[in-house]
There are 2 protein chains.
Amino acid sequence: MSLDKIDKEILNFLQDDAKITTKALSNHLQLSLTAIHERIKKMERNGVIKKYVALVNPQKAEKDFKVLCHVKLILHKKQNIQKFEREIAKLDEVLECMHVSGDYDYILKVQVKDMLSYREFVLHKLTTIEPVGSTQSTFIIDDVKHSTRLKF
Amino acid sequence: MSLDKIDKEILNFLQDDAKITTKALSNHLQLSLTAIHERIKKMERNGVIKKYVALVNPQKAEKDFKVLCHVKLILHKKQNIQKFEREIAKLDEVLECMHVSGDYDYILKVQVKDMLSYREFVLHKLTTIEPVGSTQSTFIIDDVKHSTRLKF
DNA sequence: GCTGAAAAGCGAGTGGG
DNA sequence: CCCACTCGCTTTTCAGC
């Protein structure tokens with residue numbers, strides 16, 4: 001589907017505030033309520049808008065220890081890859097799992113309470129996944145910027 | 001502030017669906033409308049809930065080329081660090097900027113349309129930031145998991 | 001901190017231009 | 001694409017426990 005300029009502006013607003021009213025949008029974009037409403041519904045149906053979520057502040061919720069964990073698999077067989085990706089998806093501590101080019105196969109962004117919890121995670125969860133070969137941890141000193149927004 | 005069990009359950013729901021009604025929550029958690037409502041408002045005031053946002057599907061919005069860009073600064077002086085972080089915050093292509101331990105100073109998650117746009121980004125935006133020394137790009141083959149949710 | 005009920009505001013759908 | 005109008009639901013507030 002193709003997004004025109006107005007669609008993109010709507011997305012810019014909704015990515016900042018899921019609860020903005022259609023009325024406010026219609027003021028900002030000089031368009032009628034109905035038009036805005038239909039465009040939003042269409043983008044929801046098409047999957048352009050995936051979902052609406054609340055973002056929680058990790059500092060205020062005991063989840064402020066963040067690590068980038070580099071993972072190598074033992075063997076690059078299809079079954080291994082699938083198994084790893086399936087198991088990783090189940091782990092709540094893993095917010096992101098990226099299959100990457102370069103020295104490692106995957107980079108995980110892991111978010112837990114503290115160093116101790118991280119150790120628990122690596123020992124009892126991550127390294128018990130069979131295809132995992134080696135891992136290497138890069139600690140995040142500061143999350144300078146963290147956005148969920150694609151700017152159009 | 002401390003979050004009790006009910007608060008945490010509310011957060012689990014809201015992180016999946018910002019638009020869930022207080023009524024639905026009151027059913028799930030066996031609590032009155034007003035009680036749920038007050039807990040949510042309190043967490044919003046305290047900043048436990050940062051904001052409500054719409055998540056856009058990058059595949060359907062021409063932003064499906066993702067790169068982890070490792071950055072070294074030329075000199076680790078306070079001014080350099082501050083300047084870099086200030087400039088990076090302005091770049092819409094950079095969704096995440098993490099100050100990390102290890103061989104590099106920062107890891108950026110950059111999200112653009114395609115390889116050409118990425119090249120433009122590196123040449124005309126990233127490397128024109130003064131304190132940037134060297135950069136190294138790790139391409140994301142597949143975003144296996146991408147979550148905004150902290151599980152309680 | 002909880003409940004229940006009443007008031008105000010918004011979303012979703014309709015008919016028509 | 002816009003306007004005007006409903007209806008029903010959700011949010012918000014208020015009294016009282």
Side-chain angles (χ1 to χ4, degrees), chain A residues 1-64 113 147-152, chain B residues 1-63 147-152:
Chain A
M1 94 169 280
S2 64
L3 304 169
D4 69 9
K5 200 175 166 183
I6 298 174
D7 290 326
K8 291 179 179 180
E9 294 213 55
I10 293 175
L11 291 178
N12 283 338
F13 279 105
L14 286 175
Q15 286 183 103
D16 261 351
D17 177 11
K19 304 213 165 175
I20 190 171
T21 59
T22 18
K23 193 173 178 184
L25 281 172
S26 87
N27 287 337
H28 282 118
L29 306 178
Q30 309 284 27
L31 212 66
S32 82
L33 266 172
T34 330
I36 300 279
H37 185 250
E38 280 170 355
R39 281 166 179 269
I40 294 175
K41 287 303 152 194
K42 188 177 176 189
M43 291 192 286
E44 288 172 359
R45 280 197 306 275
N46 289 331
V48 173
I49 296 173
K50 252 192 311 193
K51 55 187 333 200
Y52 300 94
V53 303
L55 298 182
V56 169
N57 188 338
Q59 286 183 38
K60 309 223 170 176
E62 297 201 320
K63 301 279 182 189
D64 208 28
K113 186 183 171 195
S147 169
T148 56
R149 170 176 165 177
L150 303 170
K151 177 66 173 293
F152 295 105
Chain B
M1 95 170 277
S2 64
L3 304 169
D4 69 8
K5 201 176 167 183
I6 298 175
D7 290 326
K8 290 179 179 180
E9 295 214 54
I10 293 175
L11 291 178
N12 283 338
F13 280 105
L14 287 176
Q15 286 182 106
D16 261 351
D17 176 13
K19 303 212 165 177
I20 188 172
T21 60
T22 19
K23 191 175 179 183
L25 281 172
S26 89
N27 286 337
H28 281 120
L29 306 178
Q30 309 285 26
L31 213 66
S32 80
L33 265 174
T34 327
I36 301 279
H37 185 248
E38 279 171 357
R39 282 165 177 270
I40 294 175
K41 288 301 153 196
K42 188 176 175 189
M43 291 192 285
E44 291 171 356
R45 279 196 307 275
N46 289 331
V48 172
I49 297 173
K50 253 193 309 194
K51 55 189 333 202
Y52 300 94
V53 302
L55 298 181
V56 168
N57 188 337
Q59 285 184 37
K60 309 223 171 177
E62 298 201 317
K63 300 279 183 190
S147 169
T148 56
R149 172 177 163 177
L150 303 170
K151 177 67 174 291
F152 295 106

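Residue numbers start from 1 in every chain, and the chains themselves are labelled A, B, ... in the order their sequence lines are given, proteins ahead of strands. Model, not experiment: these values are computed from the prediction.
Salt-bridge annotation for A:Asp17 and B:Lys51: absent, with no side-chain N of the basic residue lying under 4.0 Å from a carboxylate O of the acidic one. Classification of B:Glu44 and B:Lys41 as a salt-bridged pair holds, one side-chain N sitting under 4.0 Å from a carboxylate O. Salt bridge absent: A:Asp16 and A:Lys151 never bring a charged side-chain N and a carboxylate O closer than 4.0 Å.
Rounding to whole angstrom units, CD1 of residue B:Ile36 and P of C:dT3 are separated by 9 Å. Between B:Lys41 atom NZ and D:dT13 atom C1' the separation is 12 Å, expressed in whole Å. Rounded to whole angstrom, the span from the CG atom of B:Asp7 across to the C1' atom of C:dG1 amounts to 12 Å. Between the CZ atom of A:Arg45 and the P atom of C:dA12 there is a distance of 12 Å, rounded to whole Å. In this structure, CG of A:Leu33 is placed 11 Å from C1' of D:dA4, rounded to the nearest angstrom. Atom CD in B:Gln30 sits about 15 Å away from atom C1' in C:dC2, given to the nearest Å. Atoms CG (A:Leu31) and P (D:dC2) sit 4 Å apart, rounded to a whole Å. Rounding to whole angstrom units, CG of residue A:Asn27 and P of D:dC2 are separated by 13 Å.
Side chain of A:Asn46 to main chain of A:Met43: no donor-acceptor pair is present (N/O by atom type, distance under 3.5 Å, no hydrogens or angles).
Contact of the A:Thr148 side chain with the A:Gln15 side chain is not registered, since no non-hydrogen atoms from C-beta on lie closer than 4.5 Å.
Checking C:dT3, D:dC3, C:dA12 against the side-chain heavy atoms of A:Thr34 singles out D:dC3 as nearest.
Around the NZ atom of B:Lys19, the shell of radius 6.0 Å holds more than 12 heavy atoms that belong to other residues, nucleotides or ligands.
Contact annotation: A:His37 does not reach the phosphate of C:dG11 (side-chain N/O to OP1 or OP2, under 4.0 Å).
Contacts between residues 13-26 of chain A and DNA chain C, counted as heavy-atom distances below 4.0 Å, involve A:Thr21, A:Thr22.
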